[in-house]
Amino acid sequence: MIEPARIATPWSYSLAVEAGNTVYLGLHRGRGNDLATQLDKTFAFIDETLRKLGLTRADLVKVSVWLKNIKDLPVMEKRFFDYFEKDKFPARMTSTTEFIDDCLVMVDGVAYRKGDK
Amino acid sequence: MIEPARIATPWSYSLAVEAGNTVYLGLHRGRGNDLATQLDKTFAFIDETLRKLGLTRADLVKVSVWLKNIKDLPVMEKRFFDYFEKDKFPARMTSTTEFIDDCLVMVDGVAYRKGDK
Amino acid sequence: MIEPARIATPWSYSLAVEAGNTVYLGLHRGRGNDLATQLDKTFAFIDETLRKLGLTRADLVKVSVWLKNIKDLPVMEKRFFDYFEKDKFPARMTSTTEFIDDCLVMVDGVAYRKGDK
């Protein structure tokens, strides 16, 4: 009976919690002046979280994206081709949300640790 | 150490990714002139994805529904009674989102493959 | 090959479905006049669902929160410090949605049953 591994924050949520072979990501948000910049930073931020757990972006099996502006969808879709290997894309959902600040995008998701734990 | 099974698309996401006994669905969207039509098509589309993995709608343990119009909620709730056996409903969440086109609903979710893999 | 355990409702969804060691929560909604009251009631409601499965709030590994009003975010963030032990927070995502009634917040999530099943 092992306690789930967590990437804690000073705020009231974890960036990631591992349960069995599955890692649940909390929100990772963008920073910057436009969607492309914010999305790149979001994925760099996710990489950092996954690395702390010995995982990489390729281990993501599901990602959920929240956009402030639905008109940013085509930019986001194109950008994803650079983020993952061809035919190795995670399952994805994209929806819109309001933000309290200048955030344009946030991403959460699920990663899977291959092999026995 | 087996690579997760994926239902790929020509776009930058997978329709489904299997990880262990769990299948993560990406967005499945509706087409048609009203919510009921679009929701029926969405579930036909999900059936098709699940069938490729040897699963059925009954294997869904969680579904998330995004509506364009919150006023479509009662229609959606009623429709679900036809989609699943009584007392065998998946856990469900429903929220609203904007869409870039004439989509009125999209659904993603999680299916579970019973038995050892 | 065991059928997933479910907490059924008279409506067309389950409050929770267990699959392997993972419990998927459906939406749990708030009731009351303000966000803090509704959020407290939502977590009491989640506790009740988890208790029926022999689990507690501490077993939550991921929670997703939907707010009607993004301005309620800081209240929600503060409230979470009371809901979980320090450094034992679940991964979290928060977005906004419309509601069809006077609901201000709903929560779903994932719990993990530690130990072999």
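Lettering of chains follows the sequences in order, A, B, ..., and the numbering in each one begins at 1.
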Asks: Please state whether the side chain, the backbone, both or neither of F81(B) comes within less than 4.5 Å of a heavy atom of chain C.
Replies: both
Asks: Please say whether more than 12 non-hydrogen atoms of neighbouring residues, nucleotides or ligands are located less than 6.0 Å from CG in D101(C).
Replies: yes
Asks: Quick one: are C103(B) and Q38(B) in side-chain contact, heavy atoms under 4.5 Å?
Replies: yes
Asks: Looking at chain C, which one of V110(B), T94(B), I70(B), T22(B) has the largest number of heavy-atom pairs inside 4.5 Å, strictly under?
Replies: I70(B)
Asks: Hey, which of R113(B), K114(B), R51(B) is the one that makes salt bridge (charged side-chain N to carboxylate O under 4.0 Å, His left out) with D59(B)?
Replies: K114(B)
Asks: Begin with the C-alpha distance, continue with both residues' side-chain angles, and end with the deciding distance and a verdict on side-chain contact (heavy atoms from CB on, under 4.5 Å) for V75(B) and L39(B).
Replies: CA-CA 10 Å; V75(B) 176; L39(B) 197 58; over 6 Å; no
Asks: Using non-hydrogen atoms only, which part of S64(C) is less than 4.5 Å away from chain B: side chain, backbone, both, or neither?
Replies: neither
Asks: Looking at A8(C), G26(C), A16(C), P10(C), which one has more heavy-atom pairs under 4.5 Å with chain B than the rest?
Replies: G26(C)
Asks: I need the residue from M76(B), K71(B), R92(B) with the largest number of non-hydrogen atom pairs under 4.5 Å to chain C.
Replies: R92(B)
Asks: Can you find a pair of side-chain heavy atoms, one from F89(B) and one from R6(C), that are under 4.5 Å apart?
Replies: no
Asks: Chain B heavy atoms under 4.5 Å from I100(C): which part of the residue, side chain, backbone, both or neither?
Replies: both
